[in-house]
Number of protein chains: 2
Amino acid sequence: MSLVTIGSVAFDALETPFGKTDKIVGGAATYITLAASYFTANNHLVGIVGGDFPQDMIQTLQAHGVNTDGLQIDPEGKTFFWSGRYHSDMNERDTLDTQLGVFENWSPVLPDATQGAEFLMLGNMVPALQHETLRRFAQRPKFVMLDTMNLWMDIAKEDLLSVLQDIDCLTINDSEARQLSGEYSLRKAAKKILTMGPKTLIIKKGEHGALLFQGDRIFFCPALPLEEVFDPTGAGDTFAGGFIGYLAKTGDISFENMKRAIIYGSAMASFCVEKFGTERMLHLTQDEIQTRVLSFVQLASFDIVE
Amino acid sequence: MSLVTIGSVAFDALETPFGKTDKIVGGAATYITLAASYFTANNHLVGIVGGDFPQDMIQTLQAHGVNTDGLQIDPEGKTFFWSGRYHSDMNERDTLDTQLGVFENWSPVLPDATQGAEFLMLGNMVPALQHETLRRFAQRPKFVMLDTMNLWMDIAKEDLLSVLQDIDCLTINDSEARQLSGEYSLRKAAKKILTMGPKTLIIKKGEHGALLFQGDRIFFCPALPLEEVFDPTGAGDTFAGGFIGYLAKTGDISFENMKRAIIYGSAMASFCVEKFGTERMLHLTQDEIQTRVLSFVQLASFDIVE
């Protein structure tokens, strides 16, 4: 089925304990569509870049089957730029620089081919813009997923609460879930957030896995213990892209299938962190993905006899 | 099969965000044997207390089927006392007071009935004493498990490395695994620690679950997301007691059965934190335990179709 992803396409400059990069291509929507591209061929990217964005990256996305008709190019403007430095444990990072560029006053334009899409991923950005974009769909997609961040809880809480009422699934990390709900216990936090609109909540815990909540049901997906985490940038978006990509591929939004989708999302994220930026996400094979998913099966499977 | 547990029996005074206690009974061996008592009736406790230790707690342990013949009472001495305060997130705590009392110069005495035991749990204490106790078994138990802590890595590393060479299974938390191995990645840490002696390693991650390593195999057991963690004291020991108690009950130390044992250990730990001290561990039913184990099955089960 058809997936539309709306969000940032950007340049990142990264410093990790393993090295640093110059400006490399990043952005939530880039990671999401790349991850989803391994699951669905009906994969639309809606975003904006400046005249400084490399044409060959657009071609790379197209080679992955991503429809880039919705990627506006503002030849006079500059692409969104973010620069950050990770702490030695990779769990925290400092933002060194943010230049919104063309992203600042962007109003997404939906190409005709995106109308009628069944799956919509609203990548992290100003909540009012996420809401406005959702309203531009003549027919509401059957499954709308949204990512957000602590910043919007600080400065645009009302808009965030408003868009939450119109989505199906929210994905945030554990500290954001605590901030949004005012509850430290993730179980209590989830209960509260599920009254705010979304029927499904995914709480990402980075190296500690992810929790899926729906009604009274909970599923926990571990993160694969890796020998080395090279660069965590984009892992959360890659996870979301794998998740919604798998749902779009199967067209099945039952809880049982969401559990599978979370495993696929986690598998994709486990690749993402193995190299800088999107590098590892550009050349995966279906065999590699299946083998990685089997690692999750081995990691998490047990049977209780009695 | 027969289980012998050696370690501290103590008084704790606790402060958590939910309240504080006067001196209540705690200690590693107390939690371990209590948890194990739900699995095996052949359950020996070896420890020492002072004349101030309440006789009714000894009777309570006996009522749980714990053989307390190895619990020495020094009427002139004082029971080991520890006092601590938890931070608001419950993941960290400060030690306010430690008085070793009769534990300081203790040399464990093994009652005859403990000889021939198949399972031995060496609770956290001075590594040289753990080693000496192990040597006092005329016939080495078939499965020897050891718990330790960062303090001994700081001040008794050589003794610790020495006893590690003679055990089967080590259980430590994530920061201790990092300290012992000098590796941040838990996968790398495990690889290194498995060359130090134990064939099996369990890394406890508290609210983030536990990892079981053996050779190239890894199993991850989640922690149950709880609405409230009331008091984490003893959770790690309760986990260990449930784990080795289940192994002793089944007599099966295959990797597949250890996975089950970790689920049972985690289930027991999830009860422990629901009330102060040992309170919740005193009145569990087999039905409650089975229901809790089924919650883990639901939490972690998925199937990959394809």
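Naming: A, B, ... by sequence-line order, numbering from 1 per chain.
- For chain A, the nearby parts of B/V297 are the backbone and the side chain; heavy atoms of each come within less than 4.5 Å.
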Test log, rule side chain to side chain contact (heavy atoms under 4.5 Å, CB included), inputs A/I304 and B/Y264: CA-CA 9 Å; A/I304 294 296; B/Y264 275 90; 4.0 Å; yes
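- The number of heavy atoms from other shown groups lying within 6.0 Å of NZ (A/K142) is above 12.
- With hydrogens and angles ignored, the 3.5 Å screen pairs a side-chain donor or acceptor of A/K259 with a backbone N or O of B/S301.
- Using cut-offs of 30° and 60° for the angle between ring planes, the B/F220 and A/F220 rings count as parallel.
- In terms of heavy-atom pairs under 4.5 angstrom with chain B, the leader among A/L212, A/V293, A/L226 is A/L226.
- Of the two parts of B/I263, only the side chain, counted from C-beta on, holds a non-hydrogen atom closer than 4.5 Å to a non-hydrogen atom of chain A.
- Within residues 174-186 of chain A, the residues having any heavy atom under 4.5 Å from a heavy atom of chain B are, by residue number, A/R178, A/Y184, A/S185.
- A distance of 3.5 Å separates CD in B/E228 from NZ in A/K188, rounded to the nearest 0.5 Å.
- When A/Q298, A/R187, A/E207, A/R217 are compared by the number of non-hydrogen pairs under 4.5 Å with chain B, A/R187 comes out ahead.
- With rounding to the nearest 0.5 angstrom, the CG atom of A/D303 is 6.5 Å from the CD atom of B/E256.
- The two residues B/A300 and A/F302 make their nearest non-hydrogen contact at CB-CE2, 3.9 Å.
- Taking the six-membered ring where tryptophan is involved, the planes of B/H208 and A/H208 are essentially parallel, since the angle between them stays under 30° and well short of 60°.
- The number of heavy atoms from other shown groups lying within 6.0 Å of NZ (A/K191) does not exceed 12.
- More than 12 heavy atoms of other residues, nucleotides or ligands sit less than 6.0 Å from atom CG of A/D154.
- Using a 4.5 Å cut-off between heavy atoms, B/L211 contacts chain A through its side chain alone, with no backbone atom that close.
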